[in-house]
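Reviewing the structure listed below.
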Amino acid sequence: MWRNRNVWIVLIGELVAGLGLWSSIIGNLEFMQEKVPSDFHKSLLLASGLLAGILVGPLAGRIIDQSNKKKVLILSGIGRLFSVLFMFVAIATGSIWWMLLFLISLQVSASFYFPALQATLPLIVKDEDLLQLNGWHMNVSTIARVAGTAIGGLALVYWPIQSLYIISMIAYAGILAFTFMLRIDETAREKMLVSNGPRKDGFKEVFPMLKGNMPVMLTLLLTLIPVLFLGSFNLIVINISEIQDSSSIKGVIYAVEGVAFMIGTLAIKYIGKRYSTKSILFTFVFVIGLAEISMYFVANPILTLVSFALFGFSIGCFYPTALTIFQKQVPTEYHGRFFSFRNMLDRISFQIVLLSTGAMLDLIGLPYMMVIFGVFSIGLTTIFLLQIQKRKLSFQIPTA
């Protein structure tokens with residue numbers, strides 16, 4: 001796998017793009033803390049961008065399945081690059097509306113880019129290398145997140161907030177250059193399109209496929225549980241910073257969670273050899289619920305970091321396993337539409353979590369909200385597990 005130039009292009013490109021993405025996220029948090037006092041209003045602002053991504057999801061999935069994936073990656077990369085210009089106007093004018101345009105354009109670009117990338121990974125490596133590539137891809141993303149947030153926090157100390165978005169533009173230009181160097185063989189897909197004609201059914205055929213593929217359906221449902229934590233992550237970090245009266249804790253939290261995530265993505269290769277896929281998925285979703293409940297002690301910096309470490313390690317093991325199931329068990333001709341559908345589902349759940357988080361933070365505060373999240377996560381996971389055992393269902397990542 002490591003002699004494959006496409007693998008290096010994807011991983012290095014992800015590192016560069018991640019540095020820009022997370023630098024801008026630090027800038028977003030700083031801008032919102034200054035301009036938007038209410039947590040609920042912050043959540044509405046973030047949810048607006050996600051809504052735009054949901055609306056273009058069906059179109060994105062159909063285009064990805066009908067088009068050359070490299071071209072989709074390039075065009076969406078150009079859109080992401082130019083979206084940063086809106087944020088420069090927002091900073092210059094102090095207007096939240098320009099930030100809203102930035103978030104919408106960024107999410108629309110992401111609705112094309114990320115499903116196309118997920119559909120591309122199985123095309124550049126052999127089946128037996130896919131789990132390892134998924135793990136390393138997420139690992140590099142996390143390294144970029146840790147480094148990007150650190151760079152962003154450091155930049156704010158010495159330079160104005162505009163510097164964060166200059167870093168983002170340079171990084172997005174870099175990933176665009178790397179995308180042009182990809183070599184993807186889509187000959188088989190193009191022949192299939194010629195023989196079958198262009199698809200116009202969007203998601204219509206995805207639902208029967210999901211209904212007949214129980215491993216994919218179950219895994220898709222399980223991936224919604226970590227969204228409770230992930231969807232509210234930035235708002236949680238802001239609140240922890242306020243509760244502990246520490247600006248520096250933001251960077252420490254991102255670093256601890258990111259390092260734990262990387263350890264998880266490395267460990268899953270060995271854990272997967274000893275335990276079943278079902279055991280891996282359900283065990284780590286339970287641990288995520290426990291990590292959420294432990295956030296009740298958010299006023300204690302040490303316990304807070306332990307909670308984020310548990311969460312990071314768990315999703316580091318969970319997501320590469322889930323993604324490999326999707327890539328191997330979903331037929332190739334459905335990849336664009338399926339990953340767009342999954343992105344839409346994630347965005348809808350992110351919106352619900354964002355709005356709920358903003359309201360609950362204003363009403364009951366962070367400690368009690370995290371207990372509710374944890375109890376809900378463990379309860380829902382238990383229900384899924386009981387249903388699987390009752391129906392005697394089993395699923396495993398297929399071998400090459």
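Looking at heavy atoms from C-beta onward, Val285 lies in side-chain contact with Phe318 at the 4.5 angstrom threshold. Counting heavy atoms from C-beta outward, Leu106 and Val84 have side chains that stay 4.5 Å or more apart. Within the 4.5 Å cutoff, side-chain heavy atoms of Met32 are placed close to those of Met99. Contact annotation: the side chain of Phe373 approaches that of Ser232 to within less than 4.5 Å [non-hydrogen atoms, C-beta and beyond]. For the pair Phe86 and Ile104, the minimum side-chain heavy-atom distance is 4.5 Å or more. Residues Leu117 and Glu14 form a side-chain contact, since some pair of their non-hydrogen atoms from C-beta on lies under 4.5 Å apart. Arg342 has its side chain within reach of Leu323: a pair of non-hydrogen atoms, C-beta onward, lies under 4.5 Å apart. The side-chain heavy atoms of Leu230 and Ile315, taken from C-beta on, include a pair separated by under 4.5 Å.
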For this session: Apply ring pair (Phe, Tyr, Trp, His ring centres under 6.0 Å) to the pair Phe261 and Phe308, showing each step before the final yes or no.
Result: CA-CA 10 Å; Phe261 180 91; Phe308 276 95; over 10 Å; no
For this session: Take Met295 and Ile236 through the side chain to side chain contact (heavy atoms under 4.5 Å, CB included) test and state the conclusion after the steps.
Result: CA-CA 10 Å; Met295 289 289 291; Ile236 290 173; 4.0 Å; yes
Problem set entry | Check against side chain to side chain contact (heavy atoms under 4.5 Å, CB included), Val36 and Phe31 | CA-CA 8 Å; Val36 186; Phe31 189 78; over 6 Å; no
For this session: Applying side chain to side chain contact (heavy atoms under 4.5 Å, CB included), run through Arg80 and Ile175 and close with a yes or a no.
Result: CA-CA 10 Å; Arg80 184 165 58 175; Ile175 181 61; 3.6 Å; yes
Exercise. Which is it for Phe88 and Trp98 under the side chain to side chain contact (heavy atoms under 4.5 Å, CB included) test, yes or no, and what are the steps along the way?
Worked result: CA-CA 9 Å; Phe88 285 112; Trp98 283 103; over 6 Å; no
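Summarising the geometry, atom CG belonging to Leu101 is positioned 10.5 Å from atom OG belonging to Ser83; distances are rounded to the nearest 0.5 Å. Of the inter-residue distances, the one linking Ser377 atom OG with Met370 atom CE reads 8.5 Å to the nearest 0.5 angstrom. With rounding to the nearest 0.5 Å, the separation of CG in Leu281 from CD1 in Ile225 is 10.5 Å. Within the model, atoms OH of Tyr270 and OH of Tyr275 stand 15.5 Å from one another, a figure rounded to the nearest 0.5 Å. To the nearest 0.5 Å, atoms CD1 (Ile166) and OG (Ser23) are separated by 11.5 Å. Note that NZ of Lys278 and CG of Leu385 are 6.5 Å apart. Values are rounded to the nearest 0.5 Å.
Between Phe341 and Phe207, a ring centre-to-centre spacing shorter than 6.0 Å is recorded. Aromatic ring centroids of Phe284 and Tyr319 lie 6.0 Å or more apart. For an aromatic pair to be called close, the ring centres must be under 6.0 Å apart, and Tyr296 with Tyr368 satisfies this. Between Phe326 and Phe338, the ring centre distance stays below 6.0 Å. For Tyr113 and Tyr172, the gap between ring centers reaches or exceeds 6.0 Å.
Panel note: side chain Ser67, backbone Lys69; no donor-acceptor pair is recorded below 3.5 Å. No side-chain donor-acceptor contact under 3.5 Å links Lys35 to the backbone of Ser95. Checked by atom type and distance alone, the side chain of Ser109 pairs as donor or acceptor with a backbone atom of Ser105 at under 3.5 Å. For the pair Arg5 (side chain) and Met181 (backbone), a donor-acceptor distance under 3.5 Å is present. The main-chain N or O of Ile124 is found under 3.5 Å from a side-chain atom of Asn4 such that the two form a donor-acceptor pair. Ser24 places no side-chain N or O within donor-acceptor distance of the main-chain N or O of Gly27, the cut-off being under 3.5 Å. No donor-acceptor distance shorter than 3.5 angstrom exists from the side chain of Ser356 to the backbone of Val353, with no hydrogens or angles considered. Looking at Asp65, its side chain does come within 3.5 Å of a backbone N or O of Arg337 through a donor-acceptor pair.
The shortest heavy-atom contact between Ala119 and Pro122 is O-CD, 3.4 Å. Of all the heavy atoms in Val227 and Ser349, the pair that sits closest is CG1-OG, 3.5 Å. Nearest approach of Val330 to His335, heavy atoms of both residues: O-NE2, 3.0 Å. Scanning both residues, Leu361 and Leu235, for their nearest heavy atoms gives CD1-CB, 4.0 Å. Closest non-hydrogen pair, Ala299 versus Ile243, comes out as CA-CG2, 4.2 Å. Heavy atoms only, all atoms of each residue included: Leu81 and Met169 are closest at CD1-O, 3.3 Å.
Residues Leu85 and Ile78 share a single hydrophobic cluster, defined by chaining ILVMFWY side chains whose heavy atoms lie under 4.5 Å apart. Side-chain heavy atoms closer than 4.5 Å link hydrophobic residues (I, L, V, M, F, W, Y) into clusters, and following such links, even through other members, never connects Leu310 to Phe313. Residue Ile325 is grouped with residue Leu224 when hydrophobic side chains (ILVMFWY) are merged at heavy-atom distances under 4.5 angstrom, including chains of intermediate members. Cluster membership check: Trp8 shares its hydrophobic cluster with Leu121, using side-chain heavy-atom separations under 4.5 Å among Ile, Leu, Val, Met, Phe, Trp and Tyr. The cluster map of Ile, Leu, Val, Met, Phe, Trp and Tyr, joined by side-chain heavy atoms under 4.5 Å apart, puts Val287 and Val259 in different clusters.
Ser294 and Ser307 share a side-chain donor-acceptor pair at under 3.5 Å.
Taking the six-membered ring for Trp and thresholds of 30 and 60 degrees, Phe229 and Phe311 have nearly parallel ring planes, at less than 30 degrees apart.
Residue Phe286 qualifies as enclosed at atom CZ: its count of foreign heavy atoms under 6.0 Å is above 12. Counting non-hydrogen atoms of neighbouring residues, nucleotides and ligands closer than 6.0 angstrom, the CD1 atom of Ile302 reaches no more than 12 such neighbours.
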